Amino acid sequence: FATFSNKDGLLNPFVFPIFRDHKKNLWVGTLENGFYRYDNKEFRNFTEKDGLSGTQMYSGMEDRDGFILMGTNKGLSVYNGNSFKNFNGKKDGLHGDSATSILQDKKGRIWICGNRGGTIRNGSRFRTFDLESDAENFDVWYLFEDHLGCIWMGTYLGGVFRYNPKNDRGVTEKAIEDMTKKLNLKSHTFLSIDEDREGNIYLGSFDGLYIYNPSNGKVSLLSEKEA
C-alpha cells in the first residue's frame, strides 16, 4: 500500500470520489478542499481560485470526450484540461444545487443526481426529474447502469430507484420505479449497486446485501444474521 497525506500534498483527509482518467492520472475529491490530481509524481490542487465551483466534492468521472466532470455542493464543474465550465443549480439547467452522483450511460447521456432528483444531460439539452419517496429529505449517492440500460439510483434514506428506458415516453418520472416498495426492501439507504453475469442485481444497504433476480422477481438478503 501507498499512503498519501499532508506531506505528499494531499491537504484534506476527508476523501469522497476517486477515479483515474485515460492518462492514468488519479483524481481525488475532498470534503472541503476541492479536487486533487495525482500524476504519479505530485498532487495538484484545484479549488474555487482555479474556477472550480464549490468546495465540497461529492462525485467525479471522465466522460467519453476526455472532460473531467466534478460534482460539488454548488453543482457541476467540467474541466477541459485548461479551464472550468460550471453549471450552478436550476439557473443553469440542473435539478438542484448539489451533484452527489454522476454517470455517463451507454447512449452517452450524463446523469447528474442530487437532492430528491436529478438531471439528464444530452449534448446541450437538459432534462430534470423528481424522485418521490416517503422520506422528507434524501440524496442520490450511487448511480449504476445494468446490461438492459436501466439506471439504478441508490440514495441515503430515500431507498433505491430504477429508470427503465422502455417506459420513457417523454416524462422521465413515469419511467422510474421505487424499487424499495416494489421489492419490499426493509432498508432505505443504498450506497453501492452492481450486477453479475447472470443479470442479478446486488444492492448494498445498511441491513446487508440484497440480491435481486429480475428473471423471477426473487430477493434474498445476506447479512451478519445470516452468516
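Keep in mind that this is a model prediction, so the values were computed, not measured.
- For the atom pair T47 OG1 and N33 CG, the distance stands at 7.0 Å (nearest 0.5 Å).
- With hydrogens and angles ignored, the 3.5 Å screen pairs a side-chain donor or acceptor of N86 with a backbone N or O of G51.
- Put simply, the side chain of W152 reaches to within 4.5 Å of the side chain of L203, judged on heavy atoms.
- What you find for L52 and F46 is that their closest heavy atoms are CD2-O, 3.3 Å.
- The two residues F19 and G60 come nearest to each other via the heavy atoms CE2-C, 3.4 Å.
- N88 approaches K74 most closely through the heavy-atom pair OD1-O, 3.2 Å.
- Note: the hydrophobic cluster containing L221 also contains I193 (ILVMFWY, side chain heavy atoms under 4.5 Å, direct or indirect links).
- Residue G75 comes nearest to L94 through the heavy atom pair CA-CD1, 3.9 Å, listed as atom of the first residue, atom of the second, then distance.
- Between the side chain of R169 and the backbone N or O of A175 there is no donor-acceptor pair closer than 3.5 Å.
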Inset, instruction - With side-chain hydrogen bond (donor to acceptor under 3.5 Å, both in side chains) as the test, would you mind laying out the steps for N115 and H95 before giving the verdict? - result: CA-CA 8 Å; N115 186 254; H95 176 271; over 6 Å; no
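- The distance from the SG atom of C150 to the CG atom of D105 is 11.5 Å, given to the nearest 0.5 Å.
- Remark: D134 engages K181 in a salt bridge, criterion side-chain N to carboxylate O under 4.0 Å.
- Between F126 and F87, the two ring planes are tilted [angle within 30° to 60°].
- In terms of modelled atom types and a separation under 3.5 Å, the side chain of S101 and the main chain of L143 share no donor-acceptor contact.
- The shortest side-chain heavy-atom distance between R44 and N25 does not fall under the 4.5 Å cut-off.
- Residues L76 and T119 are not in side-chain contact: their nearest non-hydrogen atoms beyond the backbone lie 4.5 Å or more apart.
- Taken to the nearest 0.5 Å, the OG1 atom of T55 stands 4.5 Å off from the CG atom of N73.
- The pair D63-R121 does not count as a salt bridge, with every side-chain nitrogen at least 4.0 angstrom from each carboxylate oxygen.
- Atom CZ in F129 sits 4.5 Å away from atom CE in M153 (nearest 0.5 Å).
- More than 12 non-hydrogen atoms from other residues, nucleotides or ligands lie less than 6.0 angstrom from CZ of R64.
- Put simply, the residue from T155, T180, L191, D178 that forms a side chain to side chain contact (heavy atoms under 4.5 Å, CB included) with V160 is T180.
- In this structure a side-chain-to-backbone donor-acceptor pair under 3.5 Å is present from E195 to H147.
- Among Y79, F67, F35, the single residue meeting the ring pair (Phe, Tyr, Trp, His ring centres under 6.0 Å) criterion with F84 is Y79.
- Atom OH of Y212 sits about 5.0 Å away from atom CZ of R162, to the nearest 0.5 Å.
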Inset, instruction - With side chain to side chain contact (heavy atoms under 4.5 Å, CB included) as the test, would you mind laying out the steps for S223 and D207 before giving the verdict? - result: CA-CA 7 Å; S223 66; D207 294 325; 6.0 Å; no
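- Judged purely by atom type and a 3.5 angstrom limit, R109 has no side-chain atom pairing as donor or acceptor with the backbone of K106.
- In this structure, Y156 has its ring center no closer than 6.0 Å to that of F138.
- Note: N45 CG to Y38 OH = 15.5 Å, rounded to the nearest 0.5 Å.
- Taking each heavy atom of S59 and A99 in turn, the nearest pair found is OG-O, 2.9 Å.
- Minimum heavy-atom separation, D139 to S98: OD1-OG, 4.3 Å.
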